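Presented below is the structure to which this report refers.
In this text, all values refer to a predicted model and were calculated from it rather than measured experimentally.
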Amino acid sequence: MNQPCTIIFDGEKLTGNADEPLIDFLESKGIALPNVCYHPSLGAIETCDACWVEVAGELKRGCALRSQEGMQISSRHPQAVAARHEGMDRLLSKHELYCTVCENNNGDCTLHNTMVEMDIPIQRYEFLPKPYPKDTSSPFYTYDPDQCILCGRCVEACQNVEVNETLSINYADENPRVLWDGGKEINDSSCVHCGHCVTVCPCNALMENSMNGHTGPFTSMPWSLKRPMIEVVKKIETTISAKPVTGLSEIDSAWRQPGLKRTKTVCTYCGVGCSFEMWTRDRHILKVQPSPEAPANGISTCVKGKFAWDFVNSEKRLTTPLIREQGRFREASWDEALELVAQRLLKTRDTHGPDSLGFIGSSKASNEEAYLTQKIARLIIGTNSVDNSSRYCQNPATKGLFRTVGYGGDAGTIKDIEQAEVVVLVGSNTAENHPVIASRIKAAQKLRGQKLIVMDPRKHEMAERADIFLRPNASTDLIWASALSRYMFDNHLADTDFLEQWVNNVEEYRRSLEPFTLDFAELKTGISKQALIDTAEIIGRAKSVCLLWAMGITQHSHGSDTSTALSNLLLVTGNYGKPGTGGYPMRGHNNVQGASDFGCLRNMYPGYEKVTDENARQRWAKGWGVKPEQLSTKVGEGNFLMVQSADQGDIKAMYIIGEETAFSDANTHNVHSAFEKLDFMVVQDIFLSRTAEFADVVLPACPSVEKEGTFVNTERRIQRFYEVMPPLGNSRPDWRILTDLAARMGHDWGYTHPSQIMQECASISPMFAGVSYERLEGWKSLSWPVNADGVDSPLLYTDGFPTANGKANLFPLKWQEPAEATDAEYDLSLDNGRLLEQFQGANQTGRSQGIWDQAPHGFVEVSHELGRTWYRGRYLGKDYVSTRQH
């Protein structure tokens, strides 16, 4: 924590934090020091020269100063005032001022605000157009060189925050401008359209295309009218000064505010959990604006979170319930649809028993909606056959963590990953799957010397950046992880103090490592013995290690065992319970963690309490106001088993919320066959998905921006999101649909707001005891477990492990050959992956034309040799296969 200090600014004593940027220090006291290039997330760039102050007889840039005890600063010194005005005049010479007809005149333009604050009398240096056209090649944003003041914010963001390293400025050019890869058009460059540059631009040089014509009363005019107006105003300005013109732009900015809405929300794509403000006018989404206050991402976004929101207003959205009759859907009222669903579910239960029904909750819906899904299944129907998509991607990692350390989630936060001495990525294409976390790792490596080790069969971006990149043979990760653990014991790199104090089964586990020699590991994994030794030495000697893994590990037949092996390695080296350490199973969907946390699991109540635990059953029964006997102790069936049971005729009815099971599940032929055999099927979604095509009733739900609730991101962080706009048409929030359905099934719970659902869960589940909407207000967040007093747990295991004796468990493992091995008939193995731009079944990203422009189709990467060969009589030609050399 910073020490306090007192400075003297313009003769006034001010007390605040020491070693804080002066601009931020003054802002906290309500004092605005003029500045343009400074941004709290970027630091001092020192290009605008609008923040000069006088310190001890010298002119200093205010952005580069940090508060110190006894500092004496003057912003009123004549030289400082003159220097600031000169700096601002030079900035304005690069920028054509037409604020009143500018889309960015909305209170958020730093250049405009600073000019007004400094009371600039006139554009002193004549603006001269630059010899470059606008770059409109990106489908998402535009770069206008004539508006660019060359502050360098965008370059700093691209180089050192996103670390995509595309943007630069050559100030030695006769007419400098921002360059993409040295001078390419945006869309032909290495730009990944993350939007960092647009977010930090202090004017309208970089601006979202979605802003065009929608932000103010004059912005919708065509340029054929705007251009003459600008020319006339410029001539008038030279005679009457800029002040009246500036005053008009201030009036225009004020006119815009009543119709401009800024709402905090949380991204609906991957598990990073980025939060930001969504700017809207009516139902039009103007832009996504990240904030330094956002706990997971700060000002960072990716292309999906920044730009892929067209699906919200898509004409393909479901807006009214549908009922299938004679093989075709017809529109229905909510009363008719919900009454039919209630009757058919209850009839199925009463006729065939509770376990003849299966429920699949959504990894994209809210925590509260996951809670209601499992509550209906367990309390009303009486079955534990409730699950979510984590069965395929998250549960193997969760099982590995349960076996070893006790909690099924990330050990720490993104900040821990940033501050680790070594980061190990295993089976994680982080730059495409979790791009904002990847940017943090890239920045830590580039700017702070963090070591990066990547284990992956595929050479992706993170592998190219790695200090050590190892390519194990597919499905052999348990072997190298166990071999490294053995190496630590054999070479005095195991953390014996940590093991003695905090870990059970040390000797038993060490004996289990006997088969995992370096020779065996080299033979099986294909990694050389020396490379394994080099890797072990870096990990074993590091003071802090974070190990991240994803679906490259978990989506295997032995994913739980491999996840266990990785956690074992962290325990052996003492990398739990201290900053910059721990295991991080990266979550795929925005709320796949929360869906499991809040009970959409076949064997767990909310908060990971087993349905077979009698104490847990009694507590949940009491909390729900029923007798314990009403809650089943039989472990239910998961996603895959439900579909199999449906195919076999054991499950008669299914209720699926927001999951594209018919498209995403393996062996789609069998999935489709199973759905066709169901007596009754309900799908609740925002689009008529492939899965919904098999339904008897389709209920139109809302995306996150049309409701309130909470999500849990990959770091166990619970965040609130707010209603940006009302539900489209006659669609409804999932929590309301489930509440109304429960009432028709005889259980009128009376929820009128999702906060009441969270309050109920927190009153029953010890893990969420201190969670409340008040404690999650605005940008605030809580990381579970949360004590009743609201104290949360950003870093787990600091004072022990949630086991009977407070110690972790090293878990012995045996190597098993992968079930997915190739054979004589199927001699190739396909490793599926994700694209940065598209998400899952593309039901959301696929509604944005700009996204399709970037990633219009999937592809297969093979070697050049394989790409040229005939395989079973079929040529894999260049139109279908990317032959990328690694």
Side-chain angles (χ1 to χ4, degrees), residues 389 391-393 395-396 426-429 455-460 470-481 515 520-527 549-563 565 637-649 660-677 690 813-835 840-841 857-886:
S389 67
R391 181 65 48 198
Y392 308 117
C393 57
N395 277 30
V426 186
S428 171
N429 183 4
M455 302 275 198
D456 206 293
R458 179 173 178 261
K459 191 174 185 180
H460 46 68
L470 303 179
R471 305 180 78 162
N473 294 327
S475 303
T476 61
D477 299 275
L478 183 148
I479 296 175
W480 66 254
F520 176 69
E522 182 179 53
L523 176 67
K524 285 290 190 179
T525 67
I527 303 172
W549 70 100
M551 287 180 286
I553 292 298
T554 56
Q555 291 194 346
H556 286 272
S557 54
H558 307 306
S560 297
D561 284 351
T562 304
S563 297
E637 294 187 339
N639 290 15
F640 183 71
L641 291 177
M642 283 186 222
V643 174
Q644 279 193 333
S645 292
D647 198 40
Q648 294 161 5
E660 186 62 295
T661 312
F663 179 78
S664 300
D665 277 28
N667 200 337
T668 55
H669 176 77
N670 285 3
V671 175
H672 296 178
S673 172
F675 286 166
E676 288 170 349
K677 292 178 182 178
R690 289 281 297 279
L813 298 162
K814 291 183 180 180
W815 161 245
Q816 301 176 68
E817 290 286 346
E820 306 91 350
T822 55
D823 55 29
E825 183 178 5
Y826 295 100
D827 58 345
L828 291 177
S829 178
L830 176 67
D831 239 349
N832 65 324
R834 282 184 174 163
L835 298 174
Q840 195 67 358
H857 49 71
F859 54 87
V860 179
E861 291 184 344
V862 298
S863 68
H864 286 289
E865 293 77 11
L866 181 58
R868 295 191 190 102
T869 63
W870 288 86
Y871 181 63
R872 295 198 177 278
R874 184 175 300 170
Y875 181 69
L876 300 181
K878 64 182 180 179
D879 291 338
Y880 305 98
V881 179
S882 165
T883 54
R884 189 174 297 176
Q885 188 73 46
H886 292 317

Restricting to non-hydrogen atoms, name the atom on Asp647 and the atom on Ser673 that form the minimum distance, rounded to 0.1 Å. OD1-OG, 3.1 Å
Smallest separation among heavy atoms of Pro818 and Ser475, with atom names: CB-CB, 3.5 Å
Show, in sequence, the C-alpha distance, side-chain angles and deciding distance for Asp831 and Arg458, and conclude whether the side chain to side chain contact (heavy atoms under 4.5 Å, CB included) test is met. CA-CA 9 Å; Asp831 239 349; Arg458 179 173 178 261; over 6 Å; no
For the CE atom of Met551 and the CG atom of Asn429, what is their distance to the nearest 0.5 Å? 9.5 Å
Could you grab the distance from atom CG of Asp827 to atom OG1 of Thr822, nearest 0.5 Å is fine? 7.0 Å
When rounded to the nearest 0.5 angstrom, what distance separates CG in Asp456 from CD1 in Ile553? 8.5 Å
Spatial distance of atom NE2 (His460) from atom CD (Glu861) [nearest 0.5 Å]: 10.5 Å
Side-chain contact, heavy-atom cut-off 4.5 Å: Gln644 with Glu637? no
State, to 0.1 Å, how close Ile527 and Met455 come at their nearest heavy-atom pair, and which atoms those are. CD1-SD, 4.4 Å
Kindly give the heavy-atom pair with the smallest separation between Leu866 and Leu828, and that separation in Å. CD2-CD1, 4.0 Å
With the side chain counted from C-beta on, respond yes when Asn473 and Lys524 share a heavy-atom pair under 4.5 Å apart, and no when they do not. no
Closest contact, heavy atoms only, Ser428 versus Ala550: CB-CB, 3.8 Å
Identify the heavy atoms of Ala521 and Ile479 that sit nearest to each other, and give their distance. CA-CG2, 3.6 Å
Distance from Thr476 atom OG1 to Trp815 atom CH2, nearest 0.5 Å? 6.0 Å
Which distance, rounded to the nearest 0.5 Å, do you find between the CG of Asp477 and the CH2 of Trp549? 12.0 Å
